[in-house]
Number of protein chains: 2
Amino acid sequence: MPEHSGVSRPGGRTARTRDAVHAAVRELLAEPETEITMAAVAERSGVHFTTLYRRWGNIESIVLDLAVERVTEESPVPATGDLRADLTEYVHRLLASLRQAGTGTLLQALLAAAGQATEAEQVTQFVEPRIEQFQSLLDAAEVTRIDGLRLVELILAPAYLWAQFGAPLDPDADTARLVDTVLAVARDPA
Amino acid sequence: MPEHSGVSRPGGRTARTRDAVHAAVRELLAEPETEITMAAVAERSGVHFTTLYRRWGNIESIVLDLAVERVTEESPVPATGDLRADLTEYVHRLLASLRQAGTGTLLQALLAAAGQATEAEQVTQFVEPRIEQFQSLLDAAEVTRIDGLRLVELILAPAYLWAQFGAPLDPDADTARLVDTVLAVARDPA
DNA sequence: CGATTAACGCAAGTGAATTTGCAATAGAAT
DNA sequence: ATTCTATTGCAAATTCACTTGCGTTAATCG
């Protein structure tokens, strides 16, 4: 028996196939015409489609898996204490990442999964760290009139909405507006 | 030849089957356990599933069709000139409608379709009227520092995001916050 | 090093979703 | 009335997503 509890064989074959699958999905997402199907991912990754079904169950879970990974790695939240500077840097990077090809598909997987109890745990992995990071940002700037959840509403909500509508915001043109909104509310919440 | 251009036979059989299908989908959406499939809609509506495929092509289009209809009828935007009162009334009704059973499915259809060029026209039918109504509301209140698009970001975006995340906002507890946000930004946009 | 077992590859099978050809029906025009 | 044609109903066919059983590979432990 390899292990009684915890993750089994994390650095071996399991990790290799997961990486191969993630890489394949990234490639497919970058090709707007290509549909993301189990068959396509299997072919591109070299991993048998039976394996995909056994480990993930359906294509949405695979995409969600990647979505959580990618969003986390691409959008670190700064917390230097300068509210405007931190927000500006973060929002600018966020909007830029939302303009990459395939972002719509990723967001759809994320939000579709969010609604279903089955995948709720995976989504929590995405939302909670972000709220905490936002809270850290606010704490560093000694802002107490709004909280992390409010930042989600004022920044992530509009950014994601436009991205999903196929009209992602422009990092250079729209960052200031979103940041100014937060500053206005932080100054005058009621 | 019935007609050369324009809508053909709008009040006849075509309209009846569309109504039957819409009614069936409304029923199915109200039953949380039931999956919305072509077969289920066909059985419930009495319309043959072949007809569904021919007219809509897929189940998503059918749900989108209903989503556009329902959102429009359920969320009229008041414009009496009292900004706070108008917003409060509208947001309260919006949040209440987002708590109805099946709303998640409807939103998903709406936002999924939004990303695809094929359905873009149908989605425009939903977004544009809403922006215009918001603009009327602002005009009535003689507010010039923000526009209809901004209201979409500050109200619809957070409301839809939480609804999609399976945690729709509470009409009584959360309306004031969303309204206050708008008022704060209208007062101090930068 | 050898035993153990989780994860994988493979091939066939199952079933639901979707398509297609043809006949029947019902608005609309003449 | 009758004619025409868009729309629907029906049944058969087909495609595709997904599952299952079994043999193989490879990672971990003693």
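Note on naming: letters A, B, ... go to the chains in the order of the sequence lines (proteins, then strands), and numbering restarts at 1 for each one.
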Side chain of A:Thr50 - closest among C:dA17, D:dT20, C:dA12: D:dT20
Contact under 4.0 Å: B:Thr17 side-chain N or O vs D:dT7 OP1/OP2: no
Test side chain to side chain donor-acceptor pair (under 3.5 Å) applied to A:Asp65 and A:Arg18, A:His22, A:Arg55, the passing residue: A:His22
D:dT8 phosphate, OP1 or OP2, under 4.0 Å from B:His48 side-chain N/O: no
Gap between atoms CZ and C1', on A:Arg18 and C:dC8 respectively (whole Å): 16 Å
Quiz item: B:Arg54 side-chain donor-acceptor pair to D:dG9 base, under 3.5 Å: yes
Earlier contact from the 5' end, DNA chain D, for B:Gly46 and A:Met38: B:Gly46
Short side-chain N/O contact from A:Tyr53 to OP1 or OP2 of D:dC18, under 4.0 Å: yes
Below 4.0 Å: OP1/OP2 of D:dT8 and any side-chain N or O of B:Arg55: yes
B:Glu43 atom CD: more than 12 heavy-atom contacts under 6.0 Å: no
Atom pair CD/CD of B:Gln164 and A:Gln164 - distance to nearest 0.5 Å: 5.5 Å
Polar side-chain contact B:Arg13-C:dA26 base: donor and acceptor under 3.5 Å: no
Separation of B:Gln108 CD from B:Ile36 CD1 (nearest 0.5 Å): 11.5 Å
Options C:dT18, D:dA6, C:dA7, nucleotide nearest the side-chain atoms of B:Phe49: C:dT18
